[in-house]
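Here's the structure we're looking at; comments come further down.
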Amino acid sequence: DPVARADWRGAADRVRAATGAGALAVVAPPHQLLPLAYHLSPEAFADQRRLAERLRAERVIALASPGDLVAMLPPSPPPVLVVMTEASATRHADLAAALAAGGLAPVASERLEGLVLLRFARAGG
């Protein structure tokens, strides 16, 4: 059987659309930022020393745990798109509860080959 690869190209398309609409994209764990960046922003990928900084300017951040986002959220948080591998999603099954504490509610989920994308928006808004 051929090796199944994560659909980072598809994830990059979703991230580009989400951040273009004002959302924050969160990639977990941080080392997964590299394959996403390769498809999302080749210019940023080519500048590895400033990769995180350049992607932050495009509203894309990487965190060890997407739950760490709660401490960073402003009182009126923007929509959030969380991108994780399937293995990471299993380890962070409590993510919806953690983000609910920060005022975000789950609104949609999508599975791409090897990846899970979770969308959150301000609760009650």
Exercise for review: For M84 and L95, run side-chain contact (heavy atoms from CB on, under 4.5 Å): C-alpha distance rounded to whole Å, both residues' side-chain angles, the deciding distance at 0.1 Å, then the answer.
Suggested key: CA-CA 11 Å; M84 298 182 281; L95 177 61; 4.0 Å; yes
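- Using a 4.5 Å heavy-atom threshold, the side chains of L69 and I61 count as touching.
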Practice item. Begin from the C-alpha positions of S65 and H92 and carry the test side-chain contact (heavy atoms from CB on, under 4.5 Å) through to its verdict. Key: CA-CA 7 Å; S65 167; H92 299 294; 3.5 Å; yes
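- Closest heavy-atom contact between A96 and P106: CB-CG, 4.3 Å.
- Shown here are the side chain to side chain contact (heavy atoms under 4.5 Å, CB included) partners of L34, two or more places apart in sequence or in another chain: F45, Q48, L51.
- The two atoms that bring A121 and V107 nearest to each other are CB-CG1, 3.9 Å, heavy atoms only.
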Point to revise | Worked verdict on L40 versus L55 for side-chain contact (heavy atoms from CB on, under 4.5 Å) | key: CA-CA 9 Å; L40 179 67; L55 289 178; 4.1 Å; yes
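- For the pair G103 and P77, the tightest heavy-atom approach, listed with the atom from each and the gap, is O-CG, 4.2 Å.
- At a threshold of 4.5 Å between side-chain heavy atoms, the hydrophobic network of Ile, Leu, Val, Met, Phe, Trp and Tyr places V15 and V80 in two separate groups.
- Taking CG of L112 as the reference point, atom OG1 of T85 lies at 12.5 Å (rounded to 0.5 Å).
- Residues satisfying the side chain to side chain donor-acceptor pair (under 3.5 Å) test with T19, not counting sequence neighbours, are none.
- The salt bridge (Lys or Arg N to Asp or Glu O under 4.0 Å) pairs that include a residue from residues 11-26 are D13-R16, R14-E110, where partners are two or more places apart or lie in different chains.
- Annotation: side chain of S88 is not in contact with side chain of Q32 (no heavy-atom distance under 4.5 Å).
- At a threshold of 4.5 Å between side-chain heavy atoms, the hydrophobic network of Ile, Leu, Val, Met, Phe, Trp and Tyr places L81 and V116 in two separate groups.
- Residues V83 and W8 form a side-chain contact, since some pair of their non-hydrogen atoms from C-beta on lies under 4.5 Å apart.
- Using a 4.5 Å cut-off on side-chain heavy atoms (C-beta onward), V70 and L99 make contact.
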Practice item. Just do the side-chain contact (heavy atoms from CB on, under 4.5 Å) check on L36 and V60 with the steps written out, would you? Key: CA-CA 10 Å; L36 177 67; V60 178; 4.3 Å; yes
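- Residue pairs meeting the salt bridge (Lys or Arg N to Asp or Glu O under 4.0 Å) criterion with at least one partner in residues 70-82, sequence neighbours excluded, are absent.
- For A52, the side chain to side chain contact (heavy atoms under 4.5 Å, CB included) partners at least two apart in sequence or on another chain are R56.
- Counted within 6.0 Å of CZ on R9, heavy atoms from surrounding residues, nucleotides or ligands total 12 or fewer; the atom is thus considered open.
- Closest of all the heavy-atom pairs between L117 and A11 is CD2-CA, 4.4 Å.
- At least one donor-acceptor pair closer than 3.5 Å links the side chain of R59 to the backbone N or O of A23.
- Using a distance-only test at 3.5 Å, with no hydrogens or angles considered, no donor-acceptor pair links the side chain of D94 to the main chain of A97.
- L118 and V27 fall into different hydrophobic clusters, defined by Ile, Leu, Val, Met, Phe, Trp and Tyr side-chain heavy atoms under 4.5 Å apart, directly or through other members.
- Judged as a salt bridge (Lys or Arg N to Asp or Glu O under 4.0 Å), and not counting sequence neighbours, the contacts of R54 are D47.
- Between P78 and G22, the shortest heavy-atom distance links the atoms CB-O, 3.8 Å.
- For the pair S76/R122, a side-chain contact is recorded, criterion being any heavy-atom separation below 4.5 Å from C-beta on.
- Interatomic distance, CD of E43 versus CD of E58, reported as 8.0 Å (0.5 Å rounding).
- Here the shortest heavy-atom pairing between E86 and L115 reads CG-N, 4.0 Å.
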